*Asks:* 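This is the structure I have questions about; it appears just below.
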Amino acid sequence: MKFKTNGLILKEQSIGEQDKIVTVLTASHGVIRAFVRRAKNIKSPKCASTGLLCYSQLSLFENKGTYTIDEAQSIEMFIKLRNDVIKMSLAQYFCELSLTLCPKESESSDYLRLILNALHLLCNSDKDPLLLKACVEMRLLGLSGYMPDLIMCDSCGEYETANMMFVPKTGKLFCGDCAFKNGVHGIPATNSVITALRHTFYQDFEKLFSFSLKRESLIQLNVITESYLSCITEKDFLTLQFFKMMSE
Ligand SMILES: [Zn+2]
């Protein structure tokens with residue numbers, strides 16, 4: 001069966017002299033692996049448009065669950081990312097996150113839109129990479145069904161008090177008093193960090209990246225998002241370690 005879809009190349013692997021396999025996040029089929037024949041022929045338009053982090057229009061052929069890319073035309077190559085090692089390492093972390101959390105072989109346009117928007121802002125705006133990172137981590141988890149309960153203190157129902165605490169293992173929020181009374185251990189957070197955390201999950205997509213936070217609070221927010229992500233995925237992301245190393 002032949003079909004066309006747009007997709008972002010998340011990973012590429014060489015096969016022999018000429019061919020490669022790419023892993024693509026597509027709008028219509030989620031994450032799929034596809035062969036690209038003669039991909040290394042530099043004159044072939046498929047060569048550049050099936051490279052890592054290219055967003056391309058793809059003509060695919062599917063036979064018994066095996067996909068082949070017949071043609072590819074690039075829409076956006078995020079060229080500017082390639083000159084900035086911090087931004088590029090974060091973009092690669094977004095790819096690894098997508099490989100882990102995006103659905104396979106089912107409709108995924110919301111996931112694709114999220115990653116493309118984040119890459120666009122990473123490439124063309126001066127938004128802090130840590131803000132983009134926290135939004136992508138939490139929204140991807142939200143889309144995948146891992147919603148924490150951030151409305152209020154899980155014990156007394158208080159919406160906002162000093163010394164709120166987030167518990168990554170359960171995805172629950174506690175006020176300082178209830179955490180103490182119940183012997184709950186979590187990550188303490190200021191009100192502005194809790195507000196930002198709520199924003200990453202509950203805000204409309206159009207406004208997702210539209211907030212600002214002091215650098216110190218952004219760091220605290222990222223401690224929370226990384227801990228929650230790690231509890232859910234039980235995975236060490238090599239690209240995240242590399243991004244952190246580069247950002248130091
Ligand atoms: Zn409470």
Side-chain angles (χ1 to χ4, degrees), residues 90 93-94 96-103 108 110-111 113-115 117-118 121-122 125 127-237 239-241 243-244 247-248:
L90 185 58
Y93 174 52
F94 291 164
E96 198 181 355
L97 277 178
S98 304
L99 286 168
T100 308
L101 290 167
C102 296
S108 295
D110 286 351
Y111 293 83
R113 183 172 65 147
L114 170 67
I115 302 298
N117 266 268
L121 291 170
L122 187 61
S125 79
K127 289 223 175 267
D128 194 314
L130 285 184
L131 185 147
L132 300 175
K133 173 178 162 293
C135 289
V136 169
E137 288 170 330
M138 294 300 96
R139 194 51 74 109
L140 267 183
L141 285 174
L143 286 171
S144 312
Y146 300 106
M147 283 295 266
D149 186 359
L150 302 173
I151 308 282
M152 54 197 176
C153 169
D154 191 62
S155 184
C156 71
E158 197 70 53
Y159 177 75
E160 195 170 77
T161 65
N163 312 317
M164 293 294 265
M165 199 170 267
F166 177 71
V167 184
K169 258 190 183 166
T170 56
K172 287 179 175 170
L173 210 56
F174 287 88
C175 71
D177 287 348
C178 294
F180 181 73
K181 270 187 235 159
N182 298 307
V184 171
H185 297 284
I187 305 172
T190 60
N191 283 335
S192 59
V193 171
I194 295 295
T195 303
L197 187 62
R198 285 176 174 142
H199 178 105
T200 64
F201 279 101
Y202 303 138
Q203 185 55 262
D204 293 341
F205 179 78
E206 286 68 27
K207 295 178 191 158
L208 173 61
F209 298 105
S210 306
F211 68 99
S212 57
L213 211 54
K214 284 184 194 150
R215 182 77 190 170
E216 190 189 342
S217 299
L218 262 183
I219 291 168
Q220 198 184 26
L221 176 66
N222 275 261
V223 169
I224 290 179
T225 61
E226 278 174 34
S227 308
Y228 184 53
L229 185 84
S230 156
C231 283
I232 301 278
T233 61
E234 296 180 331
K235 194 176 157 167
D236 279 330
F237 292 89
T239 49
L240 174 60
Q241 289 172 21
F243 166 70
K244 287 169 139 182
S247 307
E248 272 168 12

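Keep in mind it's a predicted model, so treat the numbers as computed, not measured. For ligands, and for the atoms within them, numbers begin at 1 and follow the listed sequence.
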*Asks:* Check whether Tyr202 reaches the backbone of Leu150 with its side chain - one donor and one acceptor, N or O, closer than 3.5 Å.
*Replies:*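 A pair under 3.5 Å: yes.
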
*Asks:* Quick one: sort the Phe211 and His199 rings into parallel, tilted or perpendicular, breaks at 30° and 60°.
*Replies:*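 Plane angle between 30° and 60°, so tilted.
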
*Asks:* Using 2.8 Å as the cut-off, note every protein N, O or S atom close to the Zn ion (ligand 1).
*Replies:*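 Those protein N, O or S atoms (cut-off: under 2.8 Å from the Zn ion (ligand 1)) are Cys153 SG, Cys156 SG, Cys175 SG, Cys178 SG.
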
*Asks:* Around Phe201, counting heavy atoms of other residues, nucleotides and ligands shown, do more than 12 lie under 6.0 Å from its CZ?
*Replies:*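 More than 12 within 6.0 Å, yes.
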
*Asks:* A cation-pi test, strictly: NZ or CZ of Arg139 under 6.0 Å from the centre of the six-membered ring of Phe209 and no more than 45 degrees from its axis. Yes or no?
*Replies:*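 No, a cation-pi geometry is absent between Arg139 and Phe209.
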
*Asks:* Does Lys235, at its NZ atom, have more than 12 non-hydrogen atoms belonging to other residues, nucleotides or ligands within less than 6.0 Å?
*Replies:*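 Correct, the count exceeds 12.
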
*Asks:* A quick test of your reading: do over 12 heavy atoms of other residues, nucleotides or ligands sit less than 6.0 Å from NZ of Lys172?
*Replies:*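 Open.
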
